[in-house]
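Structure first, commentary second.
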Protein chains: 2
Amino acid sequence: MSSAHLSIGDLSRATGTKVETIRFYEKNGLLPEPSRTQGNYRAYEPAHLSRLSFIRRARDLGFSLDQVRALLTLSDDRSQSCAAVDVIARAHRDEVERKIKDLQSLKTVLDQVIESCHCNIVADCAIIESLAPAPQGS
Amino acid sequence: MSSAHLSIGDLSRATGTKVETIRFYEKNGLLPEPSRTQGNYRAYEPAHLSRLSFIRRARDLGFSLDQVRALLTLSDDRSQSCAAVDVIARAHRDEVERKIKDLQSLKTVLDQVIESCHCNIVADCAIIESLAPAPQGS
DNA sequence: TATACACCCTGTAGTCGCTATAGGGTCAAG
DNA sequence: CTTGACCCTATAGCGACTACAGGGTGTATA
Ligand SMILES: [Zn+2]
Ligand SMILES: [Zn+2]
Ligand SMILES: [Zn+2]
Ligand SMILES: [Zn+2]
């Protein structure tokens, strides 16, 4: 029946996840504890592999571990409304959107600062000047 | 002469930096240790305030503490060429640019995933489906 | 003078999502 | 019988703070 057990290294290779990370997910309640072999090795079922793939895809999409935990719980109760799923996904997208905007205005400032530097000595450097609040002298 | 000493709270209010963060900067060599009062309180000079402002502005622009440290060192030796300043600033801008691109393609995927959800039950949820690698049955 | 209160001190531990050791045990092949 | 790949636990580190715990200081007021 259970001849198809997978080692932690198998899961690692199958999902591109470091072995330590898989153990970390287990310790943090994202991946259920598998059974063990005689030699105390973790022996995973195919369901573990599915679950780990789910976690990794969600992580690749930038969901936090808390969000992944919530998504996993939701996906386990398949008769529920998916409204809660939608809330999590939209909240995450909004945050990504906000980060993009923040970084874009940051880049605008950086571009200006860098543009203003004419590569003289530090005393005249516009980059440094833009960081320093006021010249110390006078 | 030195009647204008500033307390750590003064620096905190003047720069919008938490007191603990100021002590953290000191411990990590970004802000030099100030003299102390009789009661062992930190007593800052105006130069400390300038330096802290510099740090904060650089942090606001997203420079890492290592980069800030380097910028501070460069700004202290005002006769140097500003080429090194330029290198740091451009490297940072490139990284910001890269992050924007990464987040934009991430957002594209999230938009697609969210768009595909028609708010039925979890069993049919396109968001969950896009995370799960394959249905367990069959 | 007591005491309340705001402020300061040190030191340590927590956050997030891993990653990297240290110091061992297991298992199959040669 | 030893090598080597794999596995185990436990702990500490990353970056950049933040949040205590458990005190001390300094001043205004009842
Ligand atoms: Zn330049
Ligand atoms: Zn310059
Ligand atoms: Zn929906
Ligand atoms: Zn849905």
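In what follows, chains carry the letters A, B, and so on, assigned in the order in which the sequence lines appear, proteins first and then strands, with residues in each chain numbered from 1. This is a predicted model, so every value here is computed, not measured. Values reported hereafter were calculated over all heavy atoms of this structure, with side chains retained and with hydrogens, waters and symmetry mates removed.
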Inset, instruction - Please report the C-alpha distance between B:Asp66 and B:Arg69 in whole Å, then the side-chain angles of each, then the deciding distance to 0.1 Å, and finally whether the salt bridge (charged side-chain N to carboxylate O under 4.0 Å, His left out) criterion is met. - result: CA-CA 5 Å; B:Asp66 272 355; B:Arg69 232 184 307 265; 3.1 Å; yes
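- Using a 4.0 Å cutoff on non-hydrogen atoms, the parts of residues 58-68 of chain A near DNA chain C are A:Arg59, A:Ser64, A:Leu65, ordered by number.
- An OP1 or OP2 oxygen of D:dC17 is reached within less than 4.0 angstrom by a side-chain nitrogen or oxygen of B:Tyr25.
- Counting non-hydrogen atoms under 4.0 angstrom, A:Thr37 reaches nothing in the nucleic acid.
- Here the nucleotide nearest the side chain of B:Arg56, chosen from D:dC7, D:dC17, D:dT9, is D:dC17.
- The CD1-C1' distance, from B:Ile55 to D:dC17, rounds to 14 Å in whole Å.
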Inset, instruction - Please report the C-alpha distance between B:Arg90 and B:Asp94 in whole Å, then the side-chain angles of each, then the deciding distance to 0.1 Å, and finally whether the salt bridge (charged side-chain N to carboxylate O under 4.0 Å, His left out) criterion is met. - result: CA-CA 6 Å; B:Arg90 284 173 194 276; B:Asp94 291 351; over 6 Å; no
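- Which of C:dC9, C:dC18, D:dC7 sits closest to the side chain of B:Asn40 comes down to C:dC9.
- Checking the phosphate oxygens (OP1, OP2) of D:dT18, a side-chain nitrogen or oxygen of B:Thr21 falls inside 4.0 Å.
- Take the nearest nucleotide of DNA chain D for A:Tyr41 and for B:Arg69: the residue whose nucleotide is more 5' is A:Tyr41.
- In this structure, of C:dT12, C:dT10, C:dT19, it is C:dT19 that holds the atom nearest to the side chain of A:Phe24.
- Look at A:Ser7 and you won't find any side-chain N or O under 4.0 angstrom from OP1 or OP2 of D:dC6.
- With D:dC8, C:dA20, C:dC8 as the choices, the nucleotide that has an atom nearest any side-chain atom of A:Glu20 turns out to be C:dA20.
- As judged by a 4.0 angstrom heavy-atom cut-off over every strand, A:Arg23 is placed among the base-contacting residues.
- Checking the phosphate oxygens (OP1, OP2) of D:dA19, a side-chain nitrogen or oxygen of B:Lys18 falls inside 4.0 Å.
- Judged by closest nucleotide on DNA chain C, B:Ile8 is the one of B:Ile8 and A:Gln38 placed further toward the 5' end.
- One atom, CZ of B:Arg42, and another, P of C:dC8, lie 10 Å apart when rounded to the nearest Å.
- Distance, B:Leu6 CG to C:dC7 C1': 15 Å, rounded to whole Å.
- Each of B:Leu72, B:Leu31, B:Thr15 was evaluated against B:Phe54; a single residue qualifies, B:Leu72, per the side-chain contact (heavy atoms from CB on, under 4.5 Å) test.
- Residue A:Arg42 is tested with A:His5, A:Glu26, A:Glu33 for a side-chain hydrogen bond (donor to acceptor under 3.5 Å, both in side chains); the sole match is A:Glu26.
- The shortest heavy-atom contact between A:Leu131 and B:Arg57 is O-CD, 3.3 Å.
- Between the CD1 atom of A:Ile22 and the P atom of C:dA20 there is a distance of 15 Å, given to the nearest Å.
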